[in-house]
Student: 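My questions all concern the structure below.
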Amino acid sequence: MYGRPIAVLSTDAPPPSNLSNPCPPGAPIWSLKVLSAAGQGTTTGVIDALNWVVENGRANKIRVFNLSLCGPRRRMMCDAIKEVVAKGI
C-alpha cells in the first residue's frame with residue numbers, strides 16, 4: 001500500500017533499458033520517508049523533508065521532487081513547497 005514512490009518513479013522517470021528496474025541506470029533516487037509503518041504522518045514531518053531538500057538538494061543533484069498529499073491545505077506547507085521551487089528544484 002505504501003509503495004507509491006516506485007509507482008510514481010516508474011511513471012515520471014525516463015524508461016530504463018531494463019524494464020524490470022523502474023530506475024534509469026545511474027539515476028540518483030532520494031526517498032524521504034515521512035509516514036509511519038501505519039501510513040500516518042504529520043505536516044511537520046513533510047515540512048522537515050522539504051527543508052532537507054532546500055538545504056541539500058543542489059549538493060545532491062536533486063532536480064525534481066514529487067509529493068502526494070491529502071488533508072487540509074496548510075499555509076506553512078504551501079510556503080515550504082514554494083521555497084523548494086524557488087531553489088529551482
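Nothing fancy with the numbering, it's 1 onward along the sequence.
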Student: Do Asp79 and Arg74 come within less than 4.5 Å of each other through their side chains, counting heavy atoms only?
Tutor: no
Student: Measure across Arg73 and Cys78 and return the closest heavy-atom pair with its distance rounded to 0.1 Å.
Tutor: CG-SG, 3.7 Å
Student: Is a side-chain N or O of Arg63 found less than 3.5 angstrom from the main chain of Gly57, in a donor-acceptor match?
Tutor: no
Student: Under 4.5 Å between any side-chain heavy atoms of Leu67 and Ile81, yes or no?
Tutor: yes
Student: Testing the basics here: between Gly41 and Leu35, what is the closest heavy-atom pair and its distance to 0.1 Å?
Tutor: N-CD2, 3.7 Å
Student: Quick check for you: to the nearest 0.5 Å, what is the distance between Leu32 atom CG and Phe65 atom CZ?
Tutor: 11.0 Å
Student: Given Val54, which partner from the list Ile62, Val84, Val85 fulfils the side-chain contact (heavy atoms from CB on, under 4.5 Å) test?
Tutor: Val84
Student: How far does CD of Glu83 sit from CD1 of Ile89, to the nearest 0.5 angstrom?
Tutor: 10.0 Å
Student: Do Val46 and Leu69 come close enough that some side-chain heavy atom pair is under 4.5 Å?
Tutor: yes
Student: Looking at Arg58 and Lys87, what are the two nearest heavy atoms and their distance?
Tutor: NH2-O, 2.8 Å
Student: Please examine the side chains of Asn60 and Trp52, heavy atoms only from C-beta on, and report whether any two atoms are closer than 4.5 Å.
Tutor: yes
Student: Roughly how far apart are Asn56 CG and Lys61 NZ, rounded to 0.5 Å?
Tutor: 14.5 Å
